[in-house]
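Below is one structure, written out as structure tokens; comments come after it.
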Amino acid sequence: MDLDLRAELIRLANLFGADPEFARAGGGNASVKIDDILYIKPSGTTLADLSEDDLVPLRLAPLLDALLDAEPTVKDPVMAAAERARVEPAGGRRPSVEILFHALIPDPLVLHLHPLVANAVTCNEHGRDLTATLLGDEAVWVDYVDPGVPLARGIAGARLEFETRTGRPAPAITMLGNHGIIVSGHSYEAIAERVTWLTSTIRDAISAAIPTEARTTATTSCADLAALAEHFRGATKASAVACEADSFVAGTTEASAAPVSRGPLIPDQIVYAGSLPVLLRLTDDERTVAELVAQFRDAHGRLPITAVVAGVVVFAVGDSDRAARTALDTFLDALRVARDANRIGRVRVMDERERHFIENWEAEAYRRSVAASG
């Protein structure tokens, strides 16, 4: 039975992790509880490639104790709890930074994803009401809260509130504001069915709200923008640059679009694509792009990963072609989520304090470095 549960977890992780509709790069995580041990995905590795040998075993008791521990620590309290909970030497693997909410949810199988469809609700100022209207008592809502102990406590509080209000166990779906979803259960089939129901329900709501719009036709190709792309790559001293200039980009990158000018939607956007893009113009020459990138660095304390010419193109840079493409795809995901959130409500971006926490959190820097090396 134990081996069966681990195999079911890997099936789930590989299925949804291979689909960019649900997870990208090292995003998302998965775990299984067997007896008093939690087996969880390592930080930075991909769900799509997860194997049973990758899983990090941790004793549950020290993790649950960390939820109640109010004592300050010089270390990240999640990683401190992970060290206390280790069953075996690390072997180069570091457990997901979200181990605590995996530990507190009682179901044996727990899957955390960032579905683009579902995030039209989670990244929405009306997310709580939309969750109640669309999903009813099949889900609990948790407002955005910093990852780690605060997020785990927020989830525990939402589950307790539901149980107190209804007299029933908390549901198997958790909607995390500006983050993603958690779905738990006792089997592969139960979780897969819940994820499918959740996304189809929200997709239907988005489809019903789509207005009649004039089609936007792209008028510029990436080949035509090669010089500007190279100026951006050179200004950031990156090894690679990726580009998208299709009709979707043309229709979603107006200057007022949330990911373009207001901020990131979820932590993974910050990790892989940066909090905000630098804004360029089609007429910018090499010197001008270098000046704009320098101004961005001075204002934000870091070089931009993405660049936008409003209504025309998105560029992204990275240390490899793969990293640049991941950054680009992550930003394109944010554009789509913002568009769909506005169709059923109003998109909510992470505020300055929330994004600065992620930008400076060591655990996310580690996850980013693992993903880059992979």
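Seen from the ring of Y272, R24 does not count as a face-on cation partner, given the 6.0 Å and 45° thresholds.
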| message | Checking D333 against T330 for the side chain to side chain donor-acceptor pair (under 3.5 Å) test, could you report, in this order, the C-alpha distance in whole Å, the side-chain angles of both residues, the deciding distance, and whether it holds? | response | CA-CA 5 Å; D333 288 347; T330 301; 5.2 Å; no
| task | Report the C-alpha separation of L176 and I155 in whole Å, then their side-chain angles, then the decisive distance to 0.1 Å, and conclude whether the side chain to side chain contact (heavy atoms under 4.5 Å, CB included) test is met. | result | CA-CA 9 Å; L176 303 175; I155 293 168; 3.9 Å; yes
| message | Is there a side chain to side chain contact (heavy atoms under 4.5 Å, CB included) between L47 and F22? Walk through the geometry before answering. | response | CA-CA 10 Å; L47 287 170; F22 294 94; over 6 Å; no
| request: Please report the C-alpha distance between K33 and V110 in whole Å, then the side-chain angles of each, then the deciding distance to 0.1 Å, and finally whether the side chain to side chain contact (heavy atoms under 4.5 Å, CB included) criterion is met. | output: CA-CA 9 Å; K33 301 177 192 71; V110 179; 3.6 Å; yes
| query | Can you list the steps and then say if T253 with V309 is a side chain to side chain contact (heavy atoms under 4.5 Å, CB included)? | reply | CA-CA 8 Å; T253 55; V309 176; over 6 Å; no
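Every salt bridge (charged side-chain N to carboxylate O under 4.0 Å, His left out) that D143 has, sequence neighbours left out, goes to R128. When the ring pair (Phe, Tyr, Trp, His ring centres under 6.0 Å) test is applied to Y188, no partner is found at least two apart in sequence or on another chain. The side chain to side chain donor-acceptor pair (under 3.5 Å) search around T46 returns D49, not counting sequence neighbours.
In this structure, Q295 CD and L279 CG are separated by 11.5 Å, a value rounded to the nearest 0.5 Å. Note that CZ of R203 is 13.0 Å distant from CG of L134, once rounded to the nearest 0.5 Å. Atom-to-atom distance recorded for S31:OG and I37:CD1 is 12.5 Å, nearest 0.5 angstrom. Atoms OG1 and CD1, on T199 and I206 in that order, are 10.0 Å from each other to the nearest 0.5 Å.
When only modelled atom types and interatomic distance are considered, D285 and T288 share a side-chain donor-acceptor pair under 3.5 Å.
Considering only heavy atoms from C-beta on, P147 comes within 4.5 Å of I358 through its side chain. Between C123 and Q269, the closest side-chain pair of non-hydrogen atoms is not below 4.5 Å. The shortest distance between side-chain heavy atoms of T201 and E138 does not fall below 4.5 Å. For the pair F331 and V249, the minimum side-chain heavy-atom distance is 4.5 Å or more. When side chains are defined from C-beta on, Y144 does not count as touching T122, because their heavy atoms never get closer than 4.5 Å.
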Check: residues 162-172 side-chain donor-acceptor pairs under 3.5 Å, at least two apart:
unit_1: E163; atom_1: OE2; unit_2: A170; atom_2: N; d: 3.2
unit_1: T164; atom_1: OG1; unit_2: L160; atom_2: O; d: 2.9
unit_1: R165; atom_1: NE; unit_2: E161; atom_2: OE2; d: 3.2
unit_1: T166; atom_1: OG1; unit_2: F162; atom_2: O; d: 2.8
unit_1: T166; atom_1: OG1; unit_2: R168; atom_2: N; d: 3.1
unit_1: R168; atom_1: NH2; unit_2: D137; atom_2: OD2; d: 3.0

Check residues 54-67 and write down every donor-acceptor pair under 3.5 Å in which the side-chain atom is one partner and the other belongs to a residue at least two apart or another chain.
unit_1: D54; atom_1: OD2; unit_2: S51; atom_2: N; d: 2.9
unit_1: D54; atom_1: OD2; unit_2: S51; atom_2: OG; d: 3.1
unit_1: R59; atom_1: NH2; unit_2: R84; atom_2: O; d: 2.6

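Hydrophobic cluster membership is shared by L109 and L50, with clusters built from Ile, Leu, Val, Met, Phe, Trp and Tyr side chains linked at under 4.5 angstrom. The hydrophobic cluster containing V260 does not contain L225, counting ILVMFWY residues as joined when their side-chain heavy atoms lie under 4.5 angstrom apart, directly or transitively. In the hydrophobic cluster analysis, where Ile, Leu, Val, Met, Phe, Trp and Tyr join through side-chain heavy atoms closer than 4.5 angstrom, V140 is grouped apart from I173. Clustering ILVMFWY residues whenever any of their side-chain heavy atoms sit less than 4.5 angstrom apart, transitively, puts V183 in the very cluster that holds Y39. Two different hydrophobic clusters hold V241 and I305 under the rule that ILVMFWY side chains link at heavy-atom gaps under 4.5 Å.
Between R281 and D284 a salt bridge is recorded (basic side-chain N to carboxylate O distance below 4.0 Å). Classification of R325 and D329 as a salt-bridged pair holds, one side-chain N sitting under 4.0 Å from a carboxylate O. A salt bridge does not link E83 with R94: none of the charged nitrogens is closer than 4.0 Å to a carboxylate oxygen.
Using cut-offs of 30° and 60° for the angle between ring planes, the F315 and F232 rings count as tilted. The aromatic rings of F296 and H300 are tilted relative to each other, their planes meeting at an angle between 30° and 60°. Classification of the H114-H179 ring pair by plane angle, with boundaries at 30° and 60°, yields tilted.
Summarising the geometry of T252 relative to A257, their closest heavy-atom pair is O-CB, 3.4 Å, with the distance given to 0.1 Å.
Side chain of N124 to main chain of R346: a donor-acceptor pair is present (N/O by atom type, distance under 3.5 Å, no hydrogens or angles). A donor-acceptor contact shorter than 3.5 Å links the side chain of N178 to the backbone of R348. Using modelled atom types, no side-chain atom of D146 and backbone atom of L151 make a donor-acceptor pair closer than 3.5 Å. A donor-acceptor pair is defined here as one N or O able to donate and one able to accept, closer than 3.5 Å; such a pair exists between the side chain of E354 and the backbone of D351. Listed for the S261 side chain is a donor-acceptor partner under 3.5 Å among the backbone atoms of A255. Of the possible polar contacts, none joining the R233 side chain to the A240 backbone as a donor-acceptor pair under 3.5 Å is found.
L265 belongs to a hydrophobic cluster whose remaining members, ordered by chain and number, are L116, I266, V337, V347, V349; membership requires side-chain heavy atoms of ILVMFWY residues under 4.5 Å apart, directly or through intermediates.
Applying the 6.0 Å contact sphere to CD of E193 captures no more than 12 heavy atoms from other residues, nucleotides or ligands. Heavy-atom contacts from other residues, nucleotides or ligands closer than 6.0 Å to CG of D298 number more than 12. Environment of CG in D321: sparse, with no more than 12 heavy atoms of neighbouring residues, nucleotides or ligands closer than 6.0 Å.
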